[in-house]
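For ligands, and for the atoms within them, numbers begin at 1 and follow the listed sequence. Quick caveat: nothing in here was measured; it's all calculated off a predicted structure.
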Amino acid sequence: MEKPFVYGTTVFGDNFTDRKIETKRLKMNFEAGVNTILISPRRTGKTSLVYRAIEQIADPSIKVVMMDIYDCRDEYEFYERFATAIFKGLASKAEQALSLAKSYLSRLSPKISLSPDPSQDFSITLGIGPKTESPDEILNLPEKIAQKRNIDVIVCIDEFQQIGEFPDSVTFQKKARGAWQLQKRVSYCLFGSKKHMMEKLFQDENMPFYHFGDQFFLESIPRQEWIDYIIQRFGTRNMVISKELAGVICDKVELYSSYVQQLAWNVMIEADGEVTEQDVENGYELLLRQSSALFVRQLADLTAYQMNYLKAIDRGVHAGFASAETLEEFRLGSKSNIARIESVLLEKELIDKRADGVYFADPVFAYWFHREYCS
Ligand SMILES: Nc1ncnc2c1ncn2[C@@H]1O[C@H](COP(=O)(O)OP(=O)(O)OP(=O)(O)O)[C@@H](O)[C@H]1O
Ligand SMILES: [Mg+2]
């Protein structure tokens, strides 16, 4: 039976709502070969949106290659992931992928491992290292294949901010941009969730990927869209929720995509036929319990200064942390401490810097933190 609400994984079909404008923009970029950079906080819907746009591409000569580089630690792991994804993505069968690999990377001896289950995936190992094929050859693989086969290729790279962690990252970035920007049959969709890292890669004019493509931030799905979605999904289980209570679900989690679905599911578990205010409260308490282990872990190694900074945010301070009064009132140490505190909290994605100041990145964390530490 189809799940009424889905959270924590990519959503498809009836579990995907709204994002019509973004889907259209992304699809048009894909079809026109425009590079795209997509940035949003964690679990707000980047991956789901990219898949949605891909599904709608009608032209069969456009091929899509998806890869996730969250665990690549250096450029060679990246090349390995990049090349294997290209071979897998552009071949329909394991043998075909292997022969592609052999013909395009002649100096390597690629190995393939098949899963015992025929419907399952296969994996290729290429063994790329500093002494094998040159980086340029790997980076130009999709273009070579695309030209030979007379197709267009879209390469989607998830968690792209990870390249910022590679040793000698800027040199790698120069190589990648240098190769990719000359390609005619290949475009790139680069997306990631660590907003401050993504911004550093793409918005700093001294960095190689500056102005690489059409860049957009994924905003929240509008409240009204969520309300319609929630009511409709309860309807599939013959359950009723009022517009007001569906709105309360949205507001409690400030329209944060995966939390809206998680809370709605919790409420569905609590409710019996028609949803009551108490069901929503209970669902929210359950959400706090489900999230608390993660929150505790996120706070585990914070210093007293970092905790105090979070407490200041809780008390409504969003700017001017380095002023003498704020430093003293919240015991934040010296003025020179502030930048360091902020960089740690940003790195841990506990805070978010917006145009008008610093806020908690996660609305459920904000509520939980207040209750645990500030009341
Ligand atoms: N368009 C949508 N309609 C309904 N729910 C959505 C939508 N987009 C995202 N969600 C909700 O958010 C969750 C996370 O979505 P997704 O994995 O696409 O986000 P992400 O930004 O790629 O996350 P991550 O940062 O973990 O990679 C989904 O499981 C779903 O609950
Ligand atoms: Mg994702």
### Task
Test salt bridge (Lys or Arg N to Asp or Glu O under 4.0 Å) on Arg25 and Asp214 and set out the steps.
CA-CA 10 Å; Arg25 177 168 168 188; Asp214 175 30; 2.7 Å; yes

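- Phe191 and Phe160 have their aromatic ring centers separated by at least 6.0 angstrom.
- Trp368 and Phe365 have tilted rings, their planes meeting at an angle from 30° to 60° on a 0 to 90° scale.
- Between Leu190 and Phe202 the shortest side-chain heavy-atom distance falls below 4.5 Å.
- Side-chain contact check for Leu245 versus Asp279: every heavy-atom pair is 4.5 Å or farther apart.
- Separation of the Tyr309 and Phe330 ring centroids does not fall under the 6.0 Å cut-off.
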Mind listing the N or O contacts between ligand 1 and protein, cut-off under 3.5 Å?
| residue | atom | partner | partner atom | Å |
| --- | --- | --- | --- | --- |
| ligand 1 | 1 (N) | Thr17 | O | 3.0 |
| ligand 1 | 3 (N) | Thr17 | N | 2.8 |
| ligand 1 | 5 (N) | Gln261 | NE2 | 2.7 |
| ligand 1 | 12 (O) | Ser258 | N | 3.4 |
| ligand 1 | 18 (O) | Ser48 | N | 2.9 |
| ligand 1 | 18 (O) | Ser48 | OG | 2.5 |
| ligand 1 | 19 (O) | Gly45 | N | 2.9 |
| ligand 1 | 21 (O) | Thr44 | N | 3.2 |
| ligand 1 | 21 (O) | Gly45 | N | 3.0 |
| ligand 1 | 21 (O) | Lys46 | N | 3.0 |
| ligand 1 | 21 (O) | Lys46 | NZ | 2.7 |
| ligand 1 | 22 (O) | Thr47 | N | 3.0 |
| ligand 1 | 22 (O) | Thr47 | OG1 | 2.8 |
| ligand 1 | 23 (O) | Arg43 | N | 3.1 |
| ligand 1 | 25 (O) | Arg43 | N | 3.1 |
| ligand 1 | 25 (O) | Lys46 | NZ | 3.3 |
| ligand 1 | 27 (O) | Glu159 | OE2 | 3.4 |
| ligand 1 | 29 (O) | Gly8 | N | 2.9 |
| ligand 1 | 29 (O) | Thr9 | N | 3.2 |
| ligand 1 | 29 (O) | Thr9 | O | 2.5 |
| ligand 1 | 31 (O) | Val6 | O | 2.5 |

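- Between Phe82 and Tyr79, the distance separating the two ring centers is not shorter than 6.0 angstrom.
- For the pairing with Lys353, the side chain to side chain donor-acceptor pair (under 3.5 Å) check across Glu342, His196, His318 returns one residue only, Glu342.
- At least one test fails for Arg177 against the ring of Phe212: distance under 6.0 Å to the centre or angle within 45° of the axis.
- Listed by chain and number, the protein N, O or S atoms at a distance under 2.8 Å from the Mg ion (ligand 2) are Thr47 OG1.
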